[in-house]
Amino acid sequence: MTPDTAQSAAAADTPLWRDLTAIVGGAHVRQDIPSRTLHSQDIYARATETAALVVAPADTAQLAAVVAAARFHGHDCAPRGGGMSYTKGYLPTTPRTVTLDLSRMDKVLAVRADDMVVTVQAGCTWKTLYETLAPLGLRTPFWGPLSGLVSTVGGGISQGNAFFGAGHYGTGAESVVAMTLVLADGRVMRTGARGTDGDSPFYRHYGPDLAGLFTGDCGAFAIKAEITLRLIPLPKHEAYASFSFKDSGGMFGAMADITRAGIACELCGFDPRLTRIRLKRASLSADLGALKSVVGKQSSLLGGLKEAAKIALAGRTFIDAGDFALHLVFEGRSAAGVADDLAEARAIVARHHGQEVENTIPKVMRAQPFVALNSMVGPNGERWVPIHCLVSLSQAHRVFQAMEAEFAAMEPEFQEHGVENAYLFSAMSTNALLIEPTIYWPDALMELHHSAVEPGHLAKLPVNPPNAAAAAVVEKVRQRLLDLFLREGLAHFQVGRTYPYLPSRDGASVDLLRGIKAILDPGNAMNPGVLGL
């Protein structure tokens with residue numbers, strides 16, 4: 001008997017194991033070391049403690065029973081959706097942590113088109129939700145992050161997220177109508193106006209906004225079981241545009257004005273380094289797949305072939321190597337309205353001295369919204385981690401320059417250890433920009449990378465050995481950026497155990513947050529430590 005087998009056999013004889021097995025079935029209670037290890041790391045970090053058990057409930061009743069059993073036996077609970085965060089938001093902090101794997105709670109429960117709402121289980125991916133609604137001519141206003149192939153609706157509402165639809169509708173939490181939640185003692189709580197049967201939520205606001213307490217809470221207050229979101233008709237018309245800028249000031253000026261105007265449903269900016277990395281990472285097979293998707297996206301085969309031909313002719317050299325790039329998507333009910341938005345964007349860009357280039361990237365992003373997560377590693381097999389901030393429109397360029405100064409101060413260490421950085425930019429509704437530095441460094445991959453990245457893609461990449469020195473440089477620059485963010489009073493998604501949330505709040509807010517935690521989770525067993533609680 002191997003040590004792993006012996007440990008699993010011992011765990012299978014505990015009262016907690018027996019109770020959980022009775023609730024969800026033996027196949028869905030995992031104590032093997034590989035499962036526990038995988039669920040004890042995120043994109044960036046390994047937990048200092050390893051989960052004691054990994055449990056996968058199938059519905060709200062099972063989830064409530066699992067949480068109640070864990071509490072009865074003195075264990076903590078940590079919820080995990082798609083596992084795509086990077087701020088230690090679901091990592092176990094004690095050796096008595098039960099990781100709640102919500103991947104079985106992956107269903108679209110009800111599409112109520114007459115009421116324009118949809119209810120999903122928290123483990124439903126954004127891709128599943130989108131593909132369920134699209135044939136019905138419907139969509140949620142915010143409809144997913146770039147990692148929506150595996151990222152879940154529950155994770156997005158717990159952590160905060162950006163991208164598809166965010167330029168018009170903000171983050172996923174702004175599309176929430178109601179939630180069904182499991183509290184630390186196993187009780188089930190339901191928010192929102194819910195109809196005579198108590199289980200047909202249709203409107204969010206009835207008295208204080210209870211749903212708002214649980215958006216962005218990282219699972220500190222409760223575990224999300226079911227989420228109801230607003231629906232909108234699927235926009236009938238789209239347009240795409242890309243622009244290049246010789247300096248960051250021009251790009252930020254255009255981004256801010258386009259965001260204020262509220263004309264782009266998606267706005268995505270790259271600095272020159274990110275453009276270079278993306279082009280280096282791309283492959284011929286990816287190019288062919290993108291062209292096929294673009295053809296299928298068009299209303300006619302001839303139109304699709306024309307669009308694909310434009311992309312093929314543009315190749316990968318349509319943006320000069322040193323330029324900042326801005327990619328925009330427009331959508332609406334009428335072709336004329338979309339054309340007006342595109343014309344206004346072009347006028348704004350002209351005022352900021354930008355130049356229009358081939359719109360390959362936004363066109364492909366809309367044709368292939370949820371792609372494989374191969375960008376989780378660098379083009380030479382490097383580790384990758386983002387960090388980000390939400391900043392006001394008027395201060396975004398100044399904050400970007402302050403970030404650049406932090407990176408410049410560490411350039412000698414970057415050079416010595418092979419560390420690189422790049423930026424992604426996007427917009428949130430009409431009043432904020434998201435700035436996301438991404439950092440690459442040579443280091444060994446973790447189990448999560450091997451689980452999430454396509455095996456065929458990994459097989460083509462160099463294998464890097466462990467590199468503690470480079471990892472220390474990355475952690476150092478991340479901390480410098482975190483200090484900058486705190487000084488500037490910036491906001492963040494995915495607060496987890498990384499961003500300094502409580503230190504940024506006033507005393508009355510801290511007292512309220514701690515009071516809510518004490519009422520809902522008096523034993524501090526629900527994902528302890530997130531939000532600084």
Side-chain angles (χ1 to χ4, degrees), residues 3-4 7-8 11 16-17 20 29-56 66-67 70-71 73-103 123 147 150-152 154-155 158-159 184 217-220 223 373 376-377 383-387 439 441 443-453 466-468 471-472 474-476 478-479 482 492-501 521 523-533:
D4 188 10
Q7 190 174 18
S8 296
L16 176 59
W17 176 278
L20 295 179
V29 183
R30 304 195 296 280
Q31 209 276 341
D32 61 286
I33 289 176
S35 293
R36 291 164 53 220
T37 298
L38 177 63
H39 286 78
S40 301
Q41 55 188 234
D42 64 13
I43 288 175
Y44 180 58
R46 299 177 188 271
T48 55
E49 301 287 351
T50 302
L53 295 166
V54 178
V55 184
V66 166
V67 170
R71 180 183 182 184
H73 291 286
H75 279 63
D76 301 328
C77 288
R80 183 184 189 272
M84 293 296 102
S85 60
Y86 51 87
T87 55
K88 307 177 185 178
Y90 60 80
L91 299 190
T93 56
T94 72
R96 295 178 65 80
T97 297
V98 174
T99 290
L100 304 172
D101 173 8
L102 300 184
S103 61
S147 58
V150 299
S151 290
T152 64
S158 293
Q159 301 271 15
D217 74 329
C218 301
I223 307 300
L373 303 176
M376 189 187 294
V377 295
R383 288 283 304 278
W384 164 86
V385 68
I387 192 169
I439 307 170
W441 74 102
D443 201 350
L445 301 180
M446 299 192 297
E447 288 82 356
L448 185 141
H449 299 101
H450 290 279
S451 172
V453 178
N467 191 337
V474 173
E475 182 58 29
K476 181 178 177 181
R478 277 167 54 90
Q479 190 56 57
L482 289 169
H492 308 280
F493 298 139
Q494 298 193 35
V495 175
R497 298 178 177 88
T498 296
Y499 294 107
Y501 178 62
D521 182 19
N524 196 31
M526 193 66 78
N527 214 12
V530 294
L531 303 184
L533 297 170

A.B. asks: I need the minimum non-hydrogen distance between Gly496 and Gln159, along with the two atoms involved.
C.D. replies: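 Heavy atoms only, the tightest pair is N-OE1, 4.5 Å.
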
A.B. asks: Over all heavy atoms of both residues, which pair between Ala452 and Leu373 is shortest? Give the atoms and the distance, please.
C.D. replies: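 Looking at all heavy atoms of both residues, the shortest contact is O-CB, 4.1 Å.
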
A.B. asks: Nearest 0.5 angstrom please: Thr97 OG1 to His39 NE2, how far?
C.D. replies: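 The distance works out to 13.5 Å.
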
A.B. asks: Could you tell me the separation between the OG atom of Ser158 and the CG atom of Leu102, rounded to the nearest 0.5 Å?
C.D. replies: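 Going from OG on Ser158 over to CG on Leu102, the span is 9.0 Å.
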
A.B. asks: Are any side-chain N or O atoms of His449 and backbone N or O atoms of Met446, one a donor and one an acceptor, separated by less than 3.5 Å?
C.D. replies: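 Looks like yes, one N/O pair under 3.5 Å.
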
A.B. asks: Taking the side chain as every heavy atom from C-beta outward, state whether His75 and Leu53 have any pair of such atoms under 4.5 Å apart.
C.D. replies: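 When only atoms from C-beta onward are counted, Leu53 and His75 do not touch, as no gap falls below 4.5 Å.
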
A.B. asks: Going by salt bridge (Lys or Arg N to Asp or Glu O under 4.0 Å), name the residues that satisfy it together with Arg96, two or more places apart in sequence or in a different chain.
C.D. replies: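 With neighbours one apart ignored, the set is empty.
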
A.B. asks: State the CG-CD distance between Leu16 and Gln31, to the nearest 0.5 angstrom.
C.D. replies: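 These two atoms lie 10.5 Å from each other.
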
A.B. asks: Backbone N or O of Trp384 within a donor-acceptor pair of the Tyr44 side chain at under 3.5 Å?
C.D. replies: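 Flag not set: sc Tyr44 to bb Trp384 has no pair under 3.5 Å.
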
A.B. asks: What are the two closest heavy atoms between Val530 and Gly89, and how far apart are they?
C.D. replies: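 Smallest heavy-atom distance, with atoms named: CG1-O, 3.4 Å.
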
A.B. asks: For a quick test of reading the model, state the closest non-hydrogen atom pair linking Gly219 to Met526 and the distance between them.
C.D. replies: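 Of all heavy-atom pairs spanning Gly219 and Met526, the closest is O-CG, 3.2 Å.
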
A.B. asks: Rounded to the nearest 0.5 Å, how far does CG of Leu448 lie from OG1 of Thr37?
C.D. replies: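 Going from OG1 on Thr37 over to CG on Leu448, the span is 12.0 Å.
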
A.B. asks: Would you give the length of the straight line joining atom CG of Leu445 to atom OG of Ser451, rounded to the nearest 0.5 angstrom?
C.D. replies: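 That separation rounds to 12.5 Å.
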
A.B. asks: Using modelled atom types and a 3.5 Å cut-off, is there a donor and acceptor pairing between side-chain atoms of Asn527 and backbone atoms of Cys218?
C.D. replies: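 Yes; judged by distance alone, with no hydrogens or angles, the pair exists.
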
A.B. asks: Looking at Gly83, is its backbone amide N or carbonyl O close enough to the side chain of Tyr90 to form a donor-acceptor pair, meaning the two atoms are under 3.5 Å apart?
C.D. replies: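 Pair found, side chain donor or acceptor close to backbone of Gly83.
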
A.B. asks: After noting the C-alpha distance and the side-chain angles of Leu91 and Ser40, does the key distance pass the side chain to side chain contact (heavy atoms under 4.5 Å, CB included) rule?
C.D. replies: CA-CA 5 Å; Leu91 299 190; Ser40 301; 5.5 Å; no

A.B. asks: Can a donor-acceptor pair be found, under 3.5 Å and without considering hydrogens, that links the side chain of Asp443 to the backbone of Arg383?
C.D. replies: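 The answer is no, because no donor-acceptor pair under 3.5 Å joins these two groups.
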
A.B. asks: Taking all non-hydrogen atoms of both residues, which atom of Leu100 and which atom of Val66 are closest, and how far apart?
C.D. replies: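 Between these two residues, the closest heavy atoms are CD2-CG1, 3.6 Å.
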
A.B. asks: Once salt bridge (Lys or Arg N to Asp or Glu O under 4.0 Å) is applied, do any residues pair with Arg497, and if so which ones, sequence neighbours excluded?
C.D. replies: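 Per chain and number, Arg497 pairs via salt bridge (Lys or Arg N to Asp or Glu O under 4.0 Å) with no residue.
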
A.B. asks: If you look at every heavy atom in Ala47 and Pro92, which pair is closest and at what distance?
C.D. replies: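 Scanning both residues completely, I find the closest heavy atoms to be CB-O, 3.5 Å.
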
A.B. asks: Atom CD1 in Ile387, atom OG1 in Thr498: separation rounded to 0.5 Å?
C.D. replies: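 Reported to 0.5 Å precision, the distance equals 7.5 Å.
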
A.B. asks: Run the numbers on Arg46 and Glu447 for salt bridge (Lys or Arg N to Asp or Glu O under 4.0 Å), then give the verdict.
C.D. replies: CA-CA 10 Å; Arg46 299 177 188 271; Glu447 288 82 356; 3.0 Å; yes

A.B. asks: Should Asp101 and Arg30 be marked as a side chain to side chain contact (heavy atoms under 4.5 Å, CB included) after you check the CA-CA gap, both sets of side-chain angles, and the distance that decides it?
C.D. replies: CA-CA 10 Å; Asp101 173 8; Arg30 304 195 296 280; 3.1 Å; yes

A.B. asks: Just grab all the side chain to side chain donor-acceptor pair (under 3.5 Å) pairs involving residues 76-88, residues at least two apart or on different chains.
C.D. replies: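 Those involving residues 76-88 are Asp76-Thr94, Tyr86-His388.
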
